[in-house]
K.L.:
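What follows is a single structure, and I will ask about it in a moment.
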Amino acid sequence: MNCPTDNFICNPFLYFHLAANAIFRDHLPEPLGTIIVLALTVAMVTTLIALIVMSQVWAERRIVGFMQGRLGPNRVGPAGLLQSVADAVKLLLKEIIIPTQADKIPFMLAPLLVLVPSLVVWSIIPWGPGLSVTDLNIGVLFVLGLGGIPTIGILTAGWASSNKYALLGGMRAAAQLIAYEIPLVIVVLVPVLLAGTMSLGGIVEAQSNLWFLFFLPVGPVAFLLFLVAGIAEVNRSPFDLPEAESEIVAGFHTEYSGMPFALFFLAEYANSFAVSAMTTTLFLGGWGGPILPPFIWFFLKTYAVFFVLVWIRGTLPRLRYDQLMRTAWKVALPLALVTLGVAAIELSLIRSLLG
Amino acid sequence: MIAPTEALVAGSFYTFAAIALAGAIGVVLARKVFHSALFLVLTLASLAATFVILGADFLGAVQIVIYVGAITVLILFGIMLTPRNVELPESSGVGRSTAGVFVAAAVFIVSTTVIVTSQWPRSMSTPIPDRPTTEAIGQGLFTTYALPFEMASILLLIAMIGAIVIAREEQ
């Protein structure tokens with residue numbers, strides 16, 4: 001559906017945007033008005049992400065429940081929909097316990113280091129044409145940079161807890177994230193190469209005729225590699241070694257309780273959703289699609305990718321440490337390099353044939 | 001899309017510059033190595049922000065990807081493999097102190113000379129170019145600076161081979 005940003009059906013935030021501008025930017029001196037509008041935008045995006053995370057937690061628990069032949073949460077609210085709200089309230093009310101041996105400031109800083117980048121990513125992911133907080137011309141690189149910061153948070157959590165299981169979890173996280181970041185970065189270059197831009201909006205527009213998933217032969221390979229490396233980057237099952245509950249209690253967040261734990265939890269789901277959204281943007285044509293408004297298409301595709309993540313979690317057992325490393329360095333990295341090479345050759349061939 | 005005003009740009013520049021300086025002082029003064037590493041993250045991230053404010057968005061993002069995302073993670077990883085809670089001694093001997101003072105003075109003199117003798121643009125209002133900076137960087141790397149670029153690659157390759165050789169000898 002062809003959609004201008006000043007259409008109320010296409011842009012669900014138009015009312016908000018107009019109201020915020022009318023109230024703050026027209027009556028207050030610059031730059032105060034701009035700062036307030038920016039702060040409000042950030043607050044709105046953050047609130048939306050929190051709501052999305054609640055929907056995801058519910059969806060994941062229900063879906064995994066059905067996959068494992070049980071019901072999942074179904075007591076609080078219709079079909080258990082309010083279970084996440086109840087859990088959030090419970091976590092808010094719980095006592096925050098800081099171990100006496102812990103390094104207190106880094107201990108409390110770690111959840112923020114993990115959470116904040118996963119929220120900032122949402123400032124550039126386009127939900128529709130022109131529908132992002134800002135569209136950077138280095139968008140893809142920005143996302144990759146933000147993806148590296150949670151590692152520091154996880155390492156800090158592991159180190160500051162003064163707990164050997166937390167430390168082991170932190171070490172595992174660092175090794176895993178470094179290993180999978182390299183194929184991830186290389187494979188992200190395939191859509192960048194095909195679109196000829198690093199702006200996420202530009203990449204979506206370049207897919208208006210053909211999703212990069214269907215750009216044979218490199219598309220499907222790059223898509224799968226991105227999905228695998230993406231799951232590994234956000235520590236989801238089957239790559240959840242940093243928090244493997246059957247081996248190292250709860251890994252890096254063993255010592256966390258109450259709200260700091262809730263922040264880790266929120267970050268994990270916000271990251272999963274960010275990976276789903278990036279997969280949609282880079283390979284599945286982003287907000288492109290017929291009839292329905294763009295932002296609906298964006299969320300349909302993103303939730304579909306998230307369903308696949310849940311499905312994988314419900315199906316595959318956790319990898320062993322050596323299998324994890326072998327997959328990263330001996331399979332994913334060479335495959336990513338070959339994919340990038342083939343994409344470059346194919347693209348220059350097409351360009352020279354078409355003139 | 002909200003265009004940044006000049007006051008906002010100047011304000012954010014001074015904020016990030018102050019944070020970078022505070023982080024750098026923290027790196028030097030922190031008693032635990034781990035805290036130093038965390039202060040280093042702060043400094044490097046603020047530097048990336050100043051790059052972005054100065055219109056070098058690609059450089060800023062690369063700074064985050066490489067220095068914050070990779071190098072500090074490696075430093076932290078190394079710290080976690082060393083014994084816990086090692087605090088630095090109050091004094092590190094006359095020889096090391098003298099060498100430290102000498103190196104610090106040399107770096108200070110060189111950077112001050114460069115800062116004083118360079119021609120700096122006087123105005124903050126130079127518009128940030130709308131064109132992607134990646135294009136110019138790519139052109140430069142493959143034409144004017146092709147030789148230094150390749151030399152750097154070979155240097156990194158040598159370092160990597162060296163690391164592998166050292167790691168294998170210990171087995």
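Numbers restart at 1 for each chain; the letters A, B, ... are given by sequence-line order, proteins then strands. This one's a predicted model, so the numbers in the text were calculated from it and none came from an experiment.
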K.L.:
Check whether any side-chain heavy atom of B:I64 sits under 4.5 Å from a side-chain heavy atom of A:I149, and report yes or no.
P.N.:
yes
K.L.:
With a 4.5 angstrom heavy-atom cut-off, which part of A:I178 approaches chain B: side chain, backbone, both or neither?
P.N.:
side chain
K.L.:
Rounded at 0.5 Å granularity, tell me how far CG in B:L38 sits from CD1 in A:I105.
P.N.:
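Rounded to the nearest 0.5 Å, the CG-CD1 separation comes out at 10.5 Å.
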K.L.:
Please determine, among A:P150, A:G147, A:G170, A:G145, the option with the most heavy-atom pairs under 4.5 Å with chain B.
P.N.:
A:G145
K.L.:
At their closest point, which heavy atom of A:P106 faces which heavy atom of B:H35, and how far apart are they?
P.N.:
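Reported closest heavy-atom pair: CG-NE2, 3.8 Å.
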K.L.:
Does B:F51 have more than 12 heavy atoms from other residues, nucleotides or ligands lying within 6.0 Å of its CZ?
P.N.:
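Counting neighbours around CZ of B:F51, more than 12 heavy atoms of other residues, nucleotides or ligands fall under 6.0 Å, so yes.
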K.L.:
What are the two closest non-hydrogen atoms of B:F77 and A:M171, and how far apart are they?
P.N.:
CE1-O, 3.5 Å
K.L.:
A:S199 versus chain B, heavy atoms under 4.5 Å apart: side chain, backbone, both or neither?
P.N.:
neither
K.L.:
Might you confirm whether atom OH of B:Y145 has over 12 heavy atoms from other residues, nucleotides or ligands at distances under 6.0 Å?
P.N.:
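Check fails, neighbour count at 12 or below.
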K.L.:
Can you name the side-chain contact (heavy atoms from CB on, under 4.5 Å) partners of A:V234, sequence neighbours left out?
P.N.:
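With neighbours one apart ignored, the set is A:R236, A:N271, A:S272, A:V275.
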K.L.:
Is there a side-chain contact between B:V41 and A:L113, using heavy atoms and a 4.5 Å cut-off?
P.N.:
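Counting from C-beta outward, B:V41 and A:L113 never come under 4.5 Å.
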K.L.:
What is the minimum heavy-atom distance between A:I152 and B:V68, and which atoms define it?
P.N.:
CD1-O, 3.3 Å
K.L.:
Over 60° means perpendicular and under 30° means parallel, so tell me whether A:W159 and B:F34 are parallel, tilted or perpendicular.
P.N.:
parallel
K.L.:
Show the nearest heavy-atom pair for residues A:G148 and B:V73, with the distance to one decimal.
P.N.:
O-CG2, 4.5 Å
